[in-house]
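For reference, the structure is listed below as structure tokens.
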There are 2 protein chains.
Amino acid sequence: MTKPTTLIEVARIAGVSTATVNRVLKGVGYVSADTRARIEAAIKTTRYRPNALARELRKQRSMTIGHVVSAITANPFFASVARGAEDVALESGFRTLLFNHNGSAERERQGIERFIERRVDAVLFTVAASRADVTMLIEEKIPVVQVERAATRDAPSVTVDNAVGALEAMRHFITLGHRRIALVGGDPDQVYYGDPLMRAVEDERLGAYRAGLAAGGLSWNPNYERLGQYYRHEDGAGVQGYTHMRALLAGAEPPTAVFATCDILAAGVLQAIYEAGLRVPDDISVIGFDDTLAINLAPRLTTVAQPMEELGREGFKLALAQIEGDAEPRSIRLPSRLVRRDSAGPVPSATTRRKRA
Amino acid sequence: MTKPTTLIEVARIAGVSTATVNRVLKGVGYVSADTRARIEAAIKTTRYRPNALARELRKQRSMTIGHVVSAITANPFFASVARGAEDVALESGFRTLLFNHNGSAERERQGIERFIERRVDAVLFTVAASRADVTMLIEEKIPVVQVERAATRDAPSVTVDNAVGALEAMRHFITLGHRRIALVGGDPDQVYYGDPLMRAVEDERLGAYRAGLAAGGLSWNPNYERLGQYYRHEDGAGVQGYTHMRALLAGAEPPTAVFATCDILAAGVLQAIYEAGLRVPDDISVIGFDDTLAINLAPRLTTVAQPMEELGREGFKLALAQIEGDAEPRSIRLPSRLVRRDSAGPVPSATTRRKRA
DNA sequence: ATGACATGTGTCATCGATGACACATGCCAT
DNA sequence: ATGGCATGTGTCATCGATGACACATGTCAT
């Protein structure tokens with residue numbers, strides 16, 4: 001840390017007291033034009049920059065929000081949420097401190113301890129690694145906002161209504177004539193130890209798949225429902241989607257449409273299809289979820305988009321509301337929606353299929 | 001900001017002075033076992049947490065590194081670099097403050113001002129938006145490290161030797177029998193206004209392409225060299241690669257191999273090939289650069305990998321060296337290397353090609 | 001002439017942690 | 001018994017910004 005000019009030095013140079021300099025800086029109170037000019041000159045020549053540490057210590061307000069994310073490298077989703085939060089924070093004069101827990105509750109705990117030492121004004125969790133960390137902050141009376149997934153009802157959250165977009169996707173498939181629709185997704189039981197609150201995301205997507213089937217008058221086929229983890233660290237991302245799709249293709253009656261509950265899984269699905277020499281959407285249609293990788297895949301993936309940046313923005317706003325002591329901040333729910341691109345098409349007719357086989 | 005217990009309160013509760021509490025906290029000097037026990041008990045019951053702001057103000061050391069990145073959402077590359085830097089920083093007791101300039105020099109300037117006010121101990125630039133921002137910090141005597149691209153020679157940098165991996169890629173193509181090898185890449189003249197230092201990345205990759213051609217005894221074909229911006233904000237990512245590949249396919253003698261100097265471009269290339277009904281690597285081989293999207297594409301992309309996290313790690317280390325006043329920290333250069341996956345194969349024979357046509 | 005008010009500026013305690021310095025004991029060696 | 005040293009603890013200035021408070025002087029209305 002270098003030692004830039006202090007306000008005291010500026011005052012000395014301008015031949016006034018620190019209070020007067022402060023008045024000029026804050027633009028409050030009376031200061032004669034002459035004095036003001038001298039002070040402004042001193043500020044300019046010394047390239048004075050206020051010391052935020054001193055100010056924050058004095059004002060007991062750090063103007064900083066801690067943002068805990070799973071792992072910003074694991075899924076572009078987190079980067080987008082973080083960016084949304086950062087943008088609004090900046091507009092409000094706040095800054096965000098980002099922290100990756102990488103799935104480790106222990107690491108998350110350490111990160112939070114540092115947040116507290118740093119006296120952050122609030123903490124955003126874009127998925128907490130451990131509920132205990134969330135409740136600990138609540139006990140410490142530090143405002144908390146949960147983004148995407150809520151670990152507790154004791155703090156407000158910003159979540160997505162996964163069902164609307166997912167149902168739209170199912171309707172899209174059905175309208176296109178598909179009757180053999182498979183699901184490749186995260187298993188509610190395996191995700192976050194099946195925690196009843198945390199698994200909401202998977203429950204909603206899975207529920208919408210089944211509801212969509214029913215709404216379309218289609219029966220539920222257990223062989224078409226492939227649930228598992230999103231990815232295991234041993235493998236790379238996407239491997240799960242690939243494996244599931246291989247299994248589906250090897251089955252007796254392969255589906256003509258696949259709904260993957262995450263673009264990373266969808267990427268794996270596309271890989272398996274590609275490897276099998278089939279084409280999307282000619283032979284099989286695919287819809288993903290998230291709209292993270294979608295635009296980069298071949299073909300460009302039709303997917304259910306989540307308002308990622310908005311999640312971050314609304315998360316910050318809820319945090320700010322708590323900081324300012326606004327009435328009880330309620331939780332927010334944002335919609336998801338289907339983005340149609342090139343991976344979902346009409347069900348192949350029998351003749352079409354024969355021709356390609 | 002809540003008001004947690006202060007060291008003063010702990011001292012009062014334990015019936016000692018703040019100096020003694022500080023001794024226990026720091027583990028220095030003499031403290032009787034009895035006193036120590038009382039203090040430790042007080043710390044525990046009050047859940048005391050030191051105020052980092054006060055400490056940093058007093059010690060004139062913020063233990064914070066500012067990290068300016070282009071836009072963490074634009075390319076997974078940045079997220080990985082940031083993560084690498086964060087990891088090492090944490091190990092050294094530092095934290096990183098992330099800031100996205102999103103390509104705006106003005107925004108970058110604001111971010112840096114805040115870094116200075118925050119009294120960061122050093123600043124990492126994973127690509128500065130403006131050279132002026134880098135030199136400004138240098139003038140302020142704040143240690144700077146440039147990662148991936150250097151805007152000035154006046155501060156150390158961690159860069160990648162793009163040529164080694166790129167040459168490896170070219171050799172791979174040639175070994176596989178390809179003779180019509182195209183390039184889809186960033187144009188050195190268009191990138192960062194063609195700044196002689198900043199364009200080094202593009203120069204190296206483009207240079208390696210040409211050198212690889214020559215080394216393989218192949219002549220340079222201007223029609224095979226497609227240069228442009230990586231992406232324009234009006235479009236989405238990857239569009240540039242798609243457009244270039246469409247043009248190549250529409251040409252008289254389409255290439256049998258394409259070297260894309262960035263995975264995002266490669267993704268677009270794959271989309272165009274897919275759309276044309278051709279297969280990779282059967283009809284056309286593709287190699288990318290970065291290893292960001294590669295593993296998610298179909299087929300899994302052979303690509304030149306950059307040591308992204310290492311860039312961040314080494315960047316932090318160079319910053320730390322400067323902070324600690326170690327001798328003149330010299331710049332570092334990391335190698336790139338080819339990662340073979342499924343998108344590069346033998347050149348199709350004439351018969352193979354006829355069969356598919 | 002005097003009180004009321006606008007204008008202009010300075011003093012200083014405060015935020016919390018730090019560590020230099022001072023000041024106690026008690027014990028041992030000379 | 002006296003100096004030297006280990007042991008144990010307290011006092012207080014400091015880091016830089018903030019803003020309440022006090023204290024000037026000048027102007028105007030009554």
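A note on names: the letters A, B, ... follow the listed sequences, proteins ahead of strands, and every chain is numbered from 1. Everything numeric here is computed off the predicted structure, so don't read it as measured data.
Atom CD of E9(A) and atom C1' of dA17(D) are 14 Å apart (whole Å). Put simply, CZ on R118(A) is 14 Å from C1' on dA17(C), counting in whole angstrom units.
End-to-end axis angle of the helix from dA1(C)-dT30(D) to dT30(C)-dA1(D), from C1' rotation axes over five pairs per end: 60° (rounded to 10 degrees).
Residue pairs meeting the ring-ring contact (aromatic ring centres under 6.0 Å, His included) criterion with at least one member in residues 99-123 of chain B, sequence neighbours excluded, do not occur.
Between T6(A) and dC15(D), a side-chain N or O to OP1/OP2 separation shorter than 4.0 Å is absent. The phosphate of dT7(C) has neither OP1 nor OP2 within less than 4.0 Å of any side-chain N or O from S32(A). Contact annotation: T20(B) does not reach the phosphate of dG8(D) (side-chain N/O to OP1 or OP2, under 4.0 Å). For dG10(C), one of the phosphate oxygens OP1 or OP2 lies less than 4.0 angstrom from a side-chain nitrogen or oxygen of S17(A). Put simply, Q60(B) has no side-chain N or O that comes within less than 4.0 Å of OP1 or OP2 on dT14(D).
Residues that satisfy the salt bridge (Lys or Arg N to Asp or Glu O under 4.0 Å) test with R12(B), not counting sequence neighbours, are absent from this structure. Residues passing the side chain to side chain donor-acceptor pair (under 3.5 Å) test with T45(A): none are found, sequence neighbours excluded. By the salt bridge (Lys or Arg N to Asp or Glu O under 4.0 Å) test, R95(B) pairs with E56(B), sequence neighbours left out. For the salt bridge (Lys or Arg N to Asp or Glu O under 4.0 Å) test, residues two or more places apart in sequence or in another chain that qualify with R149(B) are E202(B). Scored by the salt bridge (Lys or Arg N to Asp or Glu O under 4.0 Å) test, E86(B) finds R107(A) as partners (sequence neighbours excluded). With sequence neighbours left out, F316(B) forms a ring pair (Phe, Tyr, Trp, His ring centres under 6.0 Å) with F94(B).
A residue-by-residue look at V16(A) and Y30(A) shows that Y30(A) has its nearest nucleotide of DNA chain C further toward the 5' end.
Within residues 36-43 of chain B, no residue has a heavy atom under 4.0 Å from DNA chain C.
Out of dT9(C), dA6(D), dG16(C), the shortest distance to the side chain of L57(A) is found at dG16(C).
As judged by a 4.0 angstrom heavy-atom cut-off over every strand, V28(B) is placed among residues making no nucleic acid contact.
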Worksheet item: Taking it one step at a time, do R38(B) and S32(B) satisfy side-chain hydrogen bond (donor to acceptor under 3.5 Å, both in side chains)?
Response: CA-CA 10 Å; R38(B) 282 208 323 282; S32(B) 71; over 6 Å; no

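Of the charged side-chain nitrogens involved, at least one lies within less than 4.0 Å of a carboxylate oxygen, so that E314(B) and K317(B) count as a salt-bridged pair.
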Worksheet, complete the sentence: Under a 4.0 Å heavy-atom criterion, the protein footprint on nucleotides 18-23 of chain C, written with B, S and -, is BB----

Could you pull out all donor-acceptor pairs under 3.5 Å where a side-chain atom in residues 132-139 of chain A meets a protein atom, sequence neighbours excluded?
{"residue": "D133(A)", "atom": "OD1", "partner": "R109(A)", "partner atom": "NH1", "Å": "3.3"}
{"residue": "T135(A)", "atom": "OG1", "partner": "R131(A)", "partner atom": "O", "Å": "3.4"}
{"residue": "T135(A)", "atom": "OG1", "partner": "A132(A)", "partner atom": "O", "Å": "3.0"}

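Between V158(B) and E148(B) there is no side-chain heavy-atom pair separated by less than 4.5 Å.
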Would you tabulate the pairs of protein nitrogen or oxygen atoms and nucleotide nitrogen or oxygen atoms of nucleotides 3-5 of chain C closer than 3.5 angstrom?
none

